> 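This is the structure I want to talk about, given as C-alpha cells.
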Amino acid sequence: MQHLGTDLARAASVLRSGGLVGMPTETVYGLAANALDEVAVARIFDAKNRPHFDPLIVHLADWNDVDRVAADVPAEARALWAALGPAALTYVLPKRPEVPDLVTSGLDSVAVRIPQLELARQLIASAGVPVAAPSANPFGFVSPTTAQHVADQLADQVDYILDGGPCSVGVESTIVSWPEGRAVVLRLGGIPVEVLADVLGYVPEVQRSSSQPSAPGMLESHYAPGKPVVLVPQGFDWATAPRSPEVRLLAWSLGSHGLEALTTSGSCRQGAQRLFAALREFAASDEQVLWMELAPEEGLGRAINDRLRRAAHRAEG
Ligand code: TXA
Ligand code: MG
C-alpha cells in the first residue's frame, strides 16, 4: 500500500493507533505521534536516533487546548497568541503532569505549538490527541521541507507520510520561554525577533547556543550535511573563491558573479524556503566543500544564518 499520500483520515488513524506519521507543517515536516502515548513517543526517539535528553514539541489544533498540556500560561504568551494566532512559534510553558516525562525529557516545562498550516491542524484535530513531533530527520541532519525528504530518510520508520506540499516557511519555529518573567528566545526561527518585540514592547533576549545546552536544540553542530561548509559574509567578492569541481559555490542572490544563488532577488522568505533543500542537494552531490554566502543579519535572515552556522560548525577534537 502507498506509504505517502494525501489521505488525512488515514494519517489521523495511524496517530490514534500509536503509529508514526510524517506530518506537514509550514516550517518543516515533523515526525508525529500521540504525545500521551509513551510507547509511540519512544518510537520517535528510536526512529530519529535522537538522544532522550532532547525534548519534543507538543502540537495542538487550537489554543483552547493549551490548558490540556500546560499548567500555566503567562500573559505575554496569551498576547503573542492573540497577535499572531497559529504561527511558526513555540511556547515553552509549565507542564501538566499528564504530559509524559519522555516528551519533555523530564523537564517541568512543555513546548507547545499550534501550526499555521491548516492541514496540520486538521490532522491533529481529527486525531483528537496532542501530537509530539520533532523535525522528521535523523538526529543532527538537515530538516525535511518536502514529503519526499521524509521518505528519503525515514521511509522505513514511518507508518504514513501526509503530503502537504513544500513547506512555506522552511525553517523551524521560533521557541520562546519565560524563565524569569521576561520572554527569552531559545531558538531563532520562522517568526522574527522583531515581530515578537512589536507585540512584547521590548526586544527579548536571544539565548546563545552551546555544545552543552540546557535546551538541547541549541547544539552547535546540527543541521549538518556531513561535509564541510565554509560561510562567507554578505557581499563577498566571489572572484576570490576557489573554482574546482570539488567545491560548490552558492551565492545569496543572483548577480554579476554569474553563480548559482539561494534566492533570485535576495528575499529572506525565499532564502528560508530553499535553505534545507540546498543543503540536502550539496549533501547528495559529489562535491566535497560548500562555500555559501550568509543572509542579511535581520528578520528571517537571522534564523537562516543560525542554521548555516550550525551546519558549518564542526566539533573540535
Ligand atoms: O518548526 C518546528 O518547531 C518543527 C515542526 C515539526 O513543528 N519541530 C521542531 O522540533 O523543530 P525539533 O524537535 O527538531 O526541535 C524542537 C526543539 C528542540 O531543540 C528542543 O530542545 C526544544 O525544542 N524544546 C522542546 N521542549 C522544550 C522545553 N520544554 N524547554 C526548552 N526547549 C524545548
Ligand atoms: Mg530538529
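Just so you know, residue 1 is the first one in the sequence shown, and it goes up from there. All values derive from a computational prediction rather than experimental measurement. For ligands, and for the atoms within them, numbers begin at 1 and follow the listed sequence.
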> Within a distance under 4.0 Å of any heavy atom of Glu172, pick out the atoms of ligand 1 and give their elements.
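Matching atoms, with element in brackets: 1 (O), 2 (C), 11 (O).
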
> Relative to the heavy atoms of Gly30, which atoms of ligand 1 are at a distance of less than 4.0 Å?
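By the 4.0 Å cutoff, the relevant atoms are 6 (C).
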
> State plainly whether the residues Arg307 and Glu172 are in salt-bridge range, i.e. N to O under 4.0 Å.
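Yes, Arg307 and Glu172 are salt-bridged.
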
> How long is the gap from OG on Ser244 to CD on Gln288, to the nearest 0.5 Å?
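These two atoms lie 9.5 Å from each other.
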
> Does ligand 1 have a heavy atom under 4.0 Å from the side chain of Leu186, from its backbone, from both, or from neither?
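Just the side chain.
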
> Check whether Val73 and Val103 end up in the same hydrophobic cluster, where Ile, Leu, Val, Met, Phe, Trp and Tyr are linked by side-chain heavy atoms less than 4.5 Å apart.
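Yes, it is one cluster - the side chains of Val73 and Val103 are joined through contacts under 4.5 Å.
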
> Minimum distance, heavy atoms only, to atom 14 (O) of ligand 1: which one of Pro134, Ser135, Ala133 is it?
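The option holding the nearest heavy atom is Ser135.
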
> List ligand 1 atoms under 4.0 Å from Ser173, heavy atoms only on the residue side.
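Here the atoms of ligand 1 in question are 1 (O), 2 (C), 3 (O).
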
> Check this for me, if you would: do Asp306 and Arg310 make a salt bridge, where the nitrogen-to-carboxylate-oxygen distance has to be below 4.0 angstrom?
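Judged by the 4.0 Å cut-off on N to carboxylate O distance, Asp306 and Arg310 do form a salt bridge.
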
> Which ligand 1 atoms, with their elements, are less than 4.0 angstrom from a heavy-atom of Leu107?
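Listed by number with element, the hits are 28 (C), 29 (N), 30 (N).
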
> Check this for me, if you would: do Asp54 and Lys48 make a salt bridge, where the nitrogen-to-carboxylate-oxygen distance has to be below 4.0 angstrom?
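No, no charged N to carboxylate O under 4.0 Å.
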
> Thr27 heavy atoms, cut-off 4.0 Å: which ligand 1 atoms fall inside?
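Once the distances to Thr27 are compared, the set is 1 (O), 2 (C), 4 (C), 5 (C).
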
> Where does Met23 meet ligand 1, judged by heavy-atom distances below 4.0 Å: at the side chain, the backbone, both, or neither?
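Under 4.0 Å from ligand 1, Met23 contributes no heavy atoms.
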
> Any nitrogen or oxygen of Arg50 lying under 3.5 Å from a nitrogen or oxygen in ligand 1? Just yes or no.
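Yes; at least one N/O pair falls below 3.5 Å.
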
> Side chain or backbone, does Arg187 bring an N or O within less than 3.5 Å of an N or O on ligand 1?
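The answer is yes, given that Arg187 and ligand 1 share an N or O pair closer than 3.5 Å.
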
> Using distance alone, decide if ligand 1 has a nitrogen or oxygen within less than 3.5 Å of any nitrogen or oxygen in Thr25.
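N/O-N/O distance below 3.5 Å does not exist for this pair.
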
> Among Val92, Asp54, Ile175, Val28, whose heavy atom sits nearest atom 30 (N) of ligand 1?
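Closest candidate by heavy-atom distance is Val92.
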
> So does Arg274 pair up with Glu260, basic N to acidic O under 4.0 Å?
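No salt bridge links Arg274 with Glu260.
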
> Under 4.0 Å from a heavy atom of Ser109: give me the atoms of ligand 1 that qualify, with their elements.
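With Ser109 as reference, the close atoms of ligand 1 come out as 28 (C), 29 (N), 30 (N).
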
> Using a distance threshold of 2.8 Å, state whether an N, O or S atom of Ser135 lies below it from the Mg ion (ligand 2).
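Here the distance criterion (N, O or S atom, under 2.8 Å) is met by Ser135, so yes.
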
> Could you tell me whether Asp62 and Arg68 make a salt bridge, using a distance below 4.0 angstrom between a side-chain N and a carboxylate O?
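No.
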
> Quick one: which ligand 1 atoms are inside 4.0 Å of a heavy atom on Ile57?
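Taking each heavy atom of Ile57 in turn, ligand 1 has 3 (O), 8 (N), 9 (C), 10 (O), 16 (C), 23 (O) under 4.0 Å.
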
> Please tell me whether Arg187 and Thr90 have a donor and an acceptor in their side chains that are separated by less than 3.5 angstrom.
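There is no such pair between these side chains.
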
> Looking only at heavy atoms, is any part of His59 under 4.0 Å from ligand 1, and if so is it the side chain, the backbone, or both, or is it neither?
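Near ligand 1, His59 shows its side chain, while the N, CA, C and O stay back.
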
> Parallel, tilted or perpendicular, judged at 30° and 60°: which one describes the rings of Tyr91 and Trp178?
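Ring orientation, 0 to 90° scale: parallel.
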
> State whether a side-chain donor-acceptor pair under 3.5 Å links Ser126 with Arg16.
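No donor-acceptor contact under 3.5 Å links the two side chains.
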
